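Atoms considered below: every heavy atom in the structure, side chains included; atoms not considered: hydrogens, waters and symmetry mates. Given the structure is predicted, the values throughout are model-derived calculations rather than measurements. Note that ligands are numbered from 1 as they come in the structure, with each ligand's atoms numbered from 1 the same way.
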Amino acid sequence: MNSKAKVVIIGGGFGGLFTALELAGHADVTLLSDEPRFTFRPLLYEYLSGEVEEWHIAPTYLELIDERIHLVLGRVTDVDLAAKKVTLADDKGSLDYDVLVVAVGGDTNYAAVEGAQEHSLPFRGIDDADRLRQRMTEALDHIPPDMPPQDVRDALTFAVVGGGASGVELSTKMADLLNDAFTRRALKGEPRVLVIEMGDKVVPGMGPDIREHVERALHLSRVEVHTLTRVVRVGESSVTIEHANTQSEISTAAVVWVGGVRVNPLVEKLQVEKTRNGLIKVRPTMQILAHDNVFALGDIAFVDDVEPALAGTAQLAFQESSLAARNVKALLAGEELQTKHFEELGEAVSLGTERAALLTGGKAFGGPLARQARFALYTSRLPTWHHRLRVSASWFFGGTAPRPLLPLGFQR
Ligand SMILES: Cc1cc2nc3c(=O)[nH]c(=O)nc-3n(C[C@H](O)[C@H](O)[C@H](O)COP(=O)(O)OP(=O)(O)OC[C@H]3O[C@@H](n4cnc5c(N)ncnc54)[C@H](O)[C@@H]3O)c2cc1C
């Protein structure tokens with residue numbers, strides 16, 4: 001084993017961080033990240049609702065890694081594959097590598113819809129969740145108790161664009177939080193949370209068993225679902241939708257865009273072989289096609305035999321990280337590289353603040369028990385045993401009750 005070989009990993013998400021943790025001690029490992037924290041995105045909805053805290057799902061890298069991994073905080077702007085060098089933004093210089101692992105993940109895809117990037121909120125990280133929670137609280141704070149129900153409904157309309165798992169998880173969470181705030185603040189009428197989906201059904205990638213739980217939860221949380229509906233424009237406080245060739249404009253307190261993922265801009269710049277969607281084509285060993293010493297994984301990589309439902313998921317990036325780490329070690333040791341069939345480990349969907357749905361071993365179940373099971377499942381997926389232990393103790397002893405949307409100034 002060549003422990004002096006320089007392995008540079010760009011991106012500290014599910015792909016990059018877990019690769020770094022497995023490689024620690026086996027080479028001179030550097031983790032490059034444009035954020036100081038790892039984000040466990042599947043629990044971001046619970047962070048929005050206050051069921052979990054920032055330190056549970058977004059620990060700093062320094063809490064997770066030891067001196068066997070060098071951490072460099074900065075944004076990589078260029079990769080020179082010929083010179084084996086990566087360059088960082090803001091005059092932070094460049095780094096040479098022997099082996100490179102690219103795991104920079106995706107970005108929100110606004111699909112060139114007019115006004116979408118300027119006026120809608122993305123939902124990918126802690127800051128996005130903080131901004132959305134603040135927007136919901138401010139909108140509630142502007143409602144006087146005697147406002148007529150129809151005006152209340154107009155002032156408290158939130159649109160979630162995209163009816164995939166993210167749209168469903170987010171809209172049910174938002175609706176439960178807003179409905180709870182209505183009761184606490186004794187407001188008249190009700191809030192309105194819309195999901196806007198181009199296709200003919202929500203969660204199109206999921207089977208009918210789990211969809212049944214999803215549709216029931218949307219109904220219980222009073223989320224309004226608009227299928228076969230396209231967003232044509234987003235304004236400062238409105239969204240224009242089109243259904244059956246008819247357009248209508250709806251006033252909104254916020255539009256949240258979870259309608260798709262595109263590859264990271266760094267990948268767009270990389271001159272390597274890609275699919276039509278811009279994903280980097282990788283071999284079954286996770287190496288990119290023309291460079292044996294460069295690996296790509298996670299949301300930016302396309303592996304041939306992966307089930308479509310697995311693509312773009314944390315569970316795939318996680319499984320790929322283990323193969324990539326094993327193969328980096330093999331490459332450095334001059335051994336044969338391995339391949340692996342990636343498995344679907346089941347599905348878990350958060351559905352509001354009281355329930356969830358799980359598909360495991362081909363069986364779907366939902367309700368409050370599924371919510372607990374989802375927490376247990378995700379505890380086991382958090383990085384490092386030390387962090388897992390701290391978080392599970394906190395959830396066990398402190399509970400995971402949501403934090404209500406109290407008026408600003410009354411919040412802890
Ligand atoms: C809200 C939300 C909920 C989700 N829920 C689920 C779920 O329940 N189950 C599931 O399986 N999947 C879920 N996903 C998808 C899952 O999070 C991704 O598939 C997974 O994170 C992909 O891992 P990755 O390593 O490719 O990218 P990421 O985890 O996104 O990590 C990429 C990292 O690279 C860093 N980076 C980017 N560009 C640069 C640069 N130029 N220089 C340095 N660093 C850079 C980023 O800051 C980030 O830390 C969810 C995604 C979101 C947004």
Side-chain angles (χ1 to χ4, degrees), residues 8-20 30-48 57-58 60-61 71-79 86-90 92 95 101-109 121-129 132 160 162 164-170 173 203 205-206 256-261 263-270 279-280 286 296-302 309-321 324 342 344-351 356-359 374 377-378 381 383:
V8 168
I9 299 169
I10 317 176
F14 279 92
L17 173 67
F18 286 92
T19 304
T30 301
L31 179 65
L32 284 173
S33 172
D34 61 356
E35 290 173 346
R37 297 163 184 280
F38 165 75
T39 306
F40 193 93
R41 303 189 202 283
L43 284 172
L44 200 58
Y45 316 102
E46 279 69 18
Y47 174 73
L48 172 77
I57 67 152
T60 64
Y61 292 115
L71 175 67
V72 176
L73 293 180
R75 188 166 52 84
V76 174
T77 51
D78 264 306
V79 177
V86 301
T87 306
L88 290 147
D90 307 319
K92 288 192 178 166
L95 280 173
V101 179
V102 188
V104 286
D107 213 341
T108 303
N109 186 355
L121 301 172
F123 193 76
R124 292 192 58 81
I126 291 287
D127 293 350
D128 301 330
L132 175 58
V160 175
S166 265
V168 161
E169 297 187 273
L170 184 59
K173 211 57 115 178
V203 290
M206 294 185 182
V256 196
W257 199 277
V258 287
V261 179
V263 292
N264 184 289
L266 181 68
V267 172
E268 284 167 9
K269 276 169 86 177
L270 265 185
L279 300 175
I280 300 176
M286 304 313 300
L297 66 157
D299 283 1
I300 56 161
F302 176 80
L310 254 189
T313 64
Q315 51 168 304
L316 177 63
F318 178 71
Q319 293 180 61
E320 289 175 344
S321 70
F342 301 113
E344 172 128 37
L345 307 171
E347 299 192 77
V349 202
S350 163
L351 296 170
L358 242 69
L359 181 72
R374 185 170 169 274
L377 173 75
Y378 283 161
R381 304 258 168 92

Under 4.0 Å from a heavy atom of [X]: which atoms of ligand 1 are those, numbered in the order shown and with their elements?
| X | result |
| --- | --- |
| Phe123 | 1 (C), 53 (C) |
| Gly298 | 26 (O) |
| Tyr378 | 8 (O) |
| Ser33 | 43 (C), 44 (N) |
| Gly12 | 33 (C), 34 (O) |
| Gly312 | 15 (C), 19 (O) |
| Glu35 | 47 (O), 49 (O) |

*About how many Å separate CG of Leu44 and CZ of Phe123, when rounded to the nearest 0.5 Å?*
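Rounded to the nearest 0.5 Å, the CZ-CG separation comes to 4.0 Å.
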I'd like to know if the side chain of [X] and the backbone of [Y] have a donor-acceptor N/O pair within less than 3.5 Å.
| X | Y | value |
| --- | --- | --- |
| Gln319 | Phe342 | no |
| Lys92 | Arg75 | no |
| Arg374 | Leu358 | no |
| Glu320 | Gly298 | yes |
| Thr39 | Arg41 | no |

Taking 4.0 Å as the limit for heavy-atom contacts, which would you say applies to [X] with ligand 1: side chain only, backbone only, both, or neither?
| X | answer |
| --- | --- |
| Phe318 | neither |
| Phe38 | neither |
| Asn264 | side chain |

Looking at [atom], what's its closest protein heavy atom, distance included?
| atom | result |
| --- | --- |
| atom 42 (N) of ligand 1 | Val76 N, 2.9 Å |
| atom 6 (C) of ligand 1 | Pro42 CG, 3.5 Å |
| atom 21 (O) of ligand 1 | Phe14 CD1, 3.3 Å |
| atom 44 (N) of ligand 1 | Asp34 N, 3.2 Å |
| atom 27 (O) of ligand 1 | Gly105 CA, 3.3 Å |
| atom 19 (O) of ligand 1 | Asp299 OD1, 2.8 Å |
| atom 2 (C) of ligand 1 | Tyr45 OH, 3.6 Å |
| atom 30 (O) of ligand 1 | Arg41 NH2, 2.9 Å |

Quick one, [X] and [Y] - any side-chain contact, counting heavy atoms below 4.5 Å?
| X | Y | answer |
| --- | --- | --- |
| Leu48 | Leu132 | yes |
| Arg381 | Leu345 | yes |
| Ile10 | Val79 | yes |
| Val101 | Leu297 | yes |
| Val263 | Ile280 | no |
| Asp107 | Asn264 | no |

_So is Gly74 touching ligand 1 or not, going by heavy atoms under 4.0 Å?_
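For ligand 1, residue contact (heavy atoms, under 4.0 Å) with Gly74 is present.
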*Does atom 14 (N) of ligand 1 have any protein heavy atom closer than 4.0 Å?*
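Flag for atom 14 (N) of ligand 1 set to false, no protein heavy atom closer than 4.0 Å.
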_Against Tyr378, only a single residue in Phe40, Tyr45, Phe318 fulfils ring-ring contact (aromatic ring centres under 6.0 Å, His included); can you say which?_
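The single option meeting the ring-ring contact (aromatic ring centres under 6.0 Å, His included) with Tyr378 is Phe40.
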*May I ask which of Ala317, Gly15, Ala314 has a heavy atom nearer to atom 11 (O) of ligand 1 than the others do?*
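That would be Ala314.
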*Nearest candidate to atom 37 (C) of ligand 1, where distance is taken over non-hydrogen atoms, out of Leu32, Val72, Val104*: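 Result: the heavy atom closest to atom 37 (C) of ligand 1 is in Val104.
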